[in-house]
Amino acid sequence: MNVQMEYVAPDGFVFERAQNVMHGRYGSIEFLIVPMLTENQFQIQLYADGENSSGKSQFLEYLQTLQQRHSFVAYAGHNGRELISVYVASREQEDKENLTLVISELSRKCEEYGLHNCCASCGKVRSVSRMTVDRVPALLCHDCEMQLSSGRAEKKENVLLGIIGAVAGVLLGSVLWVFLGQIGFIAGIAGYVIVFGGMKGYELLGKKLSKGGIVICVLLSFLMIAGAEFVSLAITIYKEMGSLFVSSIWDAFSWIPELMKETELAMGVAKDLVVGYILAIWASYSLIKYSWRQAGEKQRPHTIERF
Ligand SMILES: [Zn+2]
């Protein structure tokens with residue numbers, strides 16, 4: 001592309017050489033235009049959101065006609081979120097006229113369908129400023145600018161879903177505990193799987209594993225280890241006593257309090273649990289420590305530069 005950006009910019013638009021971006025306002029809408037030298041195109045960026053979704057869908061329908069109506073429009077579409085892009089092929093002398101034409105049309109259609117500038121990060125319709133985020137130009141609201149530059153966590157934790165995920169995770173780990181118990185192992189390694197499953201489940205559904213989430217997972221795991229031990233015991237009772245005394249696995253549970261009065265069995269269960277807990281803590285210690293440190297760490301701050 002062999003053009004002087006100053007001559008290409010629509011009237012009232014400014015070219016920022018350092019950031020390689022043009023910006024300006026047409027009507028009530030603010031636009032960014034990024035020259036893409038290698039493609040010989042300009043990308044017109046419009047961060048906009050409709051007050052109502054029908055306005056936005058009508059606007060997107062209009063976008064599709066752009067390409068058919070103007071031969072210099074290489075592509076028009078949106079990224080599924082806030083960014084609407086129109087790529088205009090460079091025709092040197094005609095560039096200013098073509099860019100102005102597209103921008104004036106876009107601005108008019110925004111007004112017609114009730115679209116307003118919105119923040120590139122949170123999508124909220126509020127006052128936005130021009131800046132580069134790690135050298136990429138965008139329009140951002142004040143809150144998002146603060147958040148990105150300070151590196152505060154971007155993901156929001158959902159505690160309820162996190163707990164549901166953790167319960168599912170520890171249940172999966174418990175199956176291994178019961179299985180290993182049945183073949184005669186003290187299942188310390190399964191204790192690790194229970195803790196791991198809980199934390200992964202929490203992170204998966206809750207979106208983010210915070211320190212509070214880790215505490216919940218560890219407590220759940222400890223409860224579940226005891227639960228798994230008793231399920232294992234009930235299965236053993238069912239197998240040992242046979243169907244004459246115990247009609248089902250569920251029936252076997254009701255025998256547990258009675259049998260626990262026998263010191264030998266109670267001692268056996270206690271020993272299993274103590275050794276199981278120690279092994280589980282030993283195996284999970286570094287995982288918990290690592291996750292704890294991760295949860296405390298801030299997201300890396302982005303480089304924000306206003307222009
Ligand atoms: Zn924002």
Side-chain angles (χ1 to χ4, degrees), residues 12-16 18-36 42-60 62-63 75-87 102-103 106-162 203 205-210 212-213 294-307:
F13 277 56
V14 177
F15 177 61
E16 304 284 351
Q19 287 80 18
N20 191 39
V21 61
M22 286 176 255
H23 60 85
R25 187 171 272 279
Y26 200 104
S28 60
I29 303 292
E30 178 126 16
F31 293 92
L32 299 177
I33 305 175
V34 182
M36 300 192 303
F42 298 94
Q43 183 198 16
I44 299 174
Q45 296 184 353
L46 166 60
Y47 294 96
D49 208 10
E51 298 270 341
N52 57 60
S53 50
S54 73
K56 184 143 189 180
S57 59
Q58 280 173 303
F59 186 87
L60 294 176
Y62 149 75
L63 265 191
Y75 168 81
H78 86 142
N79 69 348
R81 293 187 58 213
E82 294 77 26
L83 177 61
I84 290 157
S85 304
V86 179
Y87 290 84
V102 172
I103 279 170
L106 287 172
S107 174
R108 232 177 320 116
K109 290 290 171 184
C110 279
E111 268 165 39
E112 191 179 332
Y113 296 130
L115 266 71
H116 304 279
N117 272 131
C118 71
C119 169
S121 178
C122 67
K124 291 189 182 127
V125 176
R126 40 164 80 159
S127 134
V128 288
S129 309
R130 298 180 300 271
M131 59 197 80
T132 53
V133 182
D134 301 329
R135 309 191 65 82
V136 178
L139 297 176
L140 291 178
C141 74
H142 183 68
D143 286 355
C144 290
E145 179 185 8
M146 286 295 132
Q147 209 171 75
L148 290 170
S149 61
S150 70
R152 260 185 286 143
E154 289 154 52
K155 285 190 218 158
K156 244 184 116 79
E157 178 184 22
N158 185 328
V159 178
L160 182 67
L161 281 178
E203 197 175 5
L205 289 191
K207 293 279 181 284
K208 190 187 141 190
L209 183 61
S210 63
Q294 285 280 73
E297 243 169 45
K298 286 181 168 183
Q299 294 257 329
R300 213 166 47 82
H302 296 273
T303 312
I304 307 279
E305 207 182 300
R306 285 212 185 200
F307 61 86

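Counting starts at 1 for both ligands and their atoms, following the listed order.
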Flag if over 12 foreign heavy atoms under 6.0 Å of OH, Y26: no
C118 near the Zn ion (ligand 1) via N/O/S, less than 2.8 Å: no
Main-chain N/O of A48 paired to K56 side chain as donor or acceptor, under 3.5 Å: yes
F59 and Y113 aromatic ring geometry - parallel, tilted or perpendicular at 30°/60° bounds: perpendicular
Pair R130 + E16, salt bridge at N-O below 4.0 Å: no
Vertex the Zn ion (ligand 1), arms to C144 SG and C119 SG, rounded to 10°: 110°
Angular separation of SG (C122) and SG (C141) seen from the Zn ion (ligand 1), to 10°: 120°
H142 near the Zn ion (ligand 1): N/O/S under 2.8 Å: no
